[in-house]
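The shown structure was predicted, so the numbers you read here are calculated from the model rather than taken from an experiment. Quick note on labels: first sequence line is chain A, next is B, and so on, each numbered from 1.
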Amino acid sequence: MTDKLKFKYTSVYINILIILIIILSSVFAEEISGYSPFEINFSGMSAPDSSHLCGTDFLGRDILGRTLIGGRISVIIGVLARLGSILFGLLIGLLIGLSGSRIKPLLNSVVEIFLAIPSLLLAMGLAVSLGEGYLTIVVSIIAGTWAPVAKFVSVQTNTVKKYDYVKSARVIGAGNLRVVSLYILPALLPLLLPLMTTGIATSIMLESTLSFLGLAGTASINTLPSWGQMIQEGSKFIFDAPWIILPPSIILTILILCFNSIGDKLVQDTI
Amino acid sequence: MIRIARRIVYLFLIIMGAVFIVHLLVYIIPGDPAIMLAGEYADGGDIARIREELSLNDSFWIRYFAYVSRLISLDMGNSVYSGLPVLDIILDRLPNTLLLACMAMVIAGFLGIIAGIFAALHKGKLMDSIILSISSVFVSTPIFVTCFLLTLVFSYYFNLLPPSGMSGMNPAHFILPSCALASRSIALIVRITRNELIKVMNSDYIRTVQAMGFPQYRIVFVFALKNIIVPVLTIILLDFGAYLGGAVVTESVFSWPGIGKLLIVAVGKRDIPVIQGVILFGTFIFIALGFLIELFQGLIIKQND
């Protein structure tokens, strides 16, 4: 039995390990690559060789170092944006689930409206109107992704609040706050975990797409590179120097894949 | 009938809500659009004139209701740069995006259903896990990465297909963009086909047909597939809405003159009426598709009753 349990989660552990490796290597990017990711070298683009393992980009910067350090932005923005959208969605979802017949239709249609606007288009619009910057990206991703969470939470709350143990708590005289924090939230949390991991994958993808489209701010020399932006820069030289876009593309896909697979595994278990 | 009418009224309200939110977005854009538009050499009079033209002096609510009332008569305003009506520009570009989306839908539907059936019939075996792993990779690859990988492989290493642009109806130009667009939804279709088919194959009547001695391919294609049409078609149609988002990226990579490219260019130039128009148009298409899916599901369910 215990052996089976161990094997069941092997893939999850492997995925977590890969994510940790990506995070750690983004912290120690300079030490691993041996070059500063910001150091400009006017020799221009060079193909991978023994001194630059992944080659250099059009400003002669070391691609390995930039790719590794790019993980910082993706992971931080991905996790923060997802936390934000889960918290906001949870709040609205609980409100819908517990509110009376007056506010409920109103809140429900707000959720419906946000479900209807395609998330990338909404995020793009927000990125234009809020101006450039990391905070904008986080807010745009939250705006584009909170509605499904709210919908999910409201449906689940509706189910949970009809359970006998919640009803009996009500009978004893527990107020809304007590019922939510002691009875409903604990029932919802295990369901939110897979939502969190697949959601981080979605946020990372949205973040990279926004920065690929040039909406994450103009790339100045000193700012931390992000993968989307590196791919954008490299795409101009795709036929002359395909090595520029390959490392960030591959690591980005691997990171998203890891979060998605953890989410898939957890969904299989909770359902 | 009444239910359909009520639904339409509700969806209309949802669209109005979406208009409100998009309008709010535009309202909070920092900086004075009039100053940006007037350019460096404009004097105060020019700026005032532009402000008047765009009715930037009015309050938020006046502007919102003015926009809604014009929207009802199908007027989305004019592009700030070209001066053409936004709706005309969008409708002009729409066929290109639809062409891409339809191609992608056909590719994704065909490959996804075939692979899904294959995986379901080999459930738990090597073939199943290979197909599922490949589809996880597909779902996790950002669409621009797919675009560049396809370009690298097919137009650089093998030199088979053109890397970008559109020339009339030359099919060579839309193979790569539509494959890129299809890549993520193939994976979703594979999963839904596989899971639904597995469910159906375990049901009693399939066991009955099996006991009657029909060959396996007839059981799958004649008896089982009929029962997974609704969920599979639903996901295919829903993805059609998602293609609009994907089209933004795909069209900008392949410089395909569709709605997505239009949005990117408008965002670059801060052409607000066009940005607003494209986002709303996308929302409208998404809502209309959802409505069609509901109607279609209703029809199927009625027929089965």
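- Looking at B:I21, the atoms closer than 4.5 Å to chain A (heavy atoms on both sides) all sit in the side chain, from C-beta outward.
- A:S203 places none of its side-chain heavy atoms less than 4.5 Å from the side chain of A:I77.
- Heavy atoms of B:S252 lying under 4.5 Å from chain A belong exclusively to its side chain.
- Taking 4.5 Å as the limit, every side-chain heavy atom of B:F254 sits out of range of all side-chain heavy atoms of B:L100.
- The contact between B:I14 and chain A is made by backbone and side chain atoms together, counting heavy-atom distances below 4.5 Å.
- Using a 4.5 Å cut-off on side-chain heavy atoms (C-beta onward), B:Y67 and B:L280 make contact.
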Could you go step by step and tell me if B:E251 and B:T97 meet the side chain to side chain donor-acceptor pair (under 3.5 Å) rule?
CA-CA 8 Å; B:E251 289 176 2; B:T97 300; 2.8 Å; yes
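- Counting heavy-atom pairs under 4.5 Å between each of B:I15, B:V249, B:V278, B:L152 and chain A puts B:L152 at the top.
- Proximity to chain B (any heavy atom under 4.5 Å) is shown, for A:I256, by both the backbone and the side chain.
- With a threshold of 4.5 angstrom between heavy atoms, A:F259 does not approach chain B through any atom at all.
- A:W227 is listed as a side-chain neighbour of A:L255, based on a closest heavy-atom distance under 4.5 Å.
- Proximity of A:L195 to A:R82: side-chain heavy atoms (C-beta onward) are separated by under 4.5 Å at one or more points.
- The local environment of CZ in B:F12 is sparse, with at most 12 non-hydrogen atoms from other residues, nucleotides or ligands closer than 6.0 Å.
- When the candidates B:F286, B:F144, B:F148 are compared by the number of heavy-atom contacts under 4.5 Å with chain A, B:F144 comes out ahead.
- Contacts of A:L126 with chain B are made by both backbone and side-chain atoms, with heavy-atom separations under 4.5 Å.
- Ion pairing between a basic and an acidic side chain is recognised when a charged N comes within 4.0 Å of a carboxylate O; B:D239 and B:R184 show no such pairing.
- For A:L213, the part sitting under 4.5 Å from any heavy atom of chain B is the side chain, from C-beta outward, and nothing else.
- Contact of B:L149 with chain A is made through the side chain alone, with heavy-atom distances under 4.5 Å.
- B:Y243 is listed as a side-chain neighbour of B:M105, based on a closest heavy-atom distance under 4.5 Å.
- Ranked by heavy-atom pairs under 4.5 Å with chain A, the list B:I287, B:V267, B:V22 is led by B:V267.
- In this structure, the portions of A:L257 lying under 4.5 Å from any heavy atom of chain B include both its backbone and its side chain.
- Contacts between A:L246 and chain B at a heavy-atom distance below 4.5 Å involve the side chain alone, from C-beta outward.
- No other option in A:P118, A:S249, A:A143, A:A116 has as many heavy-atom pairs under 4.5 Å with chain B as A:A116.
- Proximity to chain A is absent for every atom of B:F20, based on heavy atoms less than 4.5 angstrom apart.
- The number of heavy atoms from other shown groups lying within 6.0 Å of CZ (B:F284) does not exceed 12.
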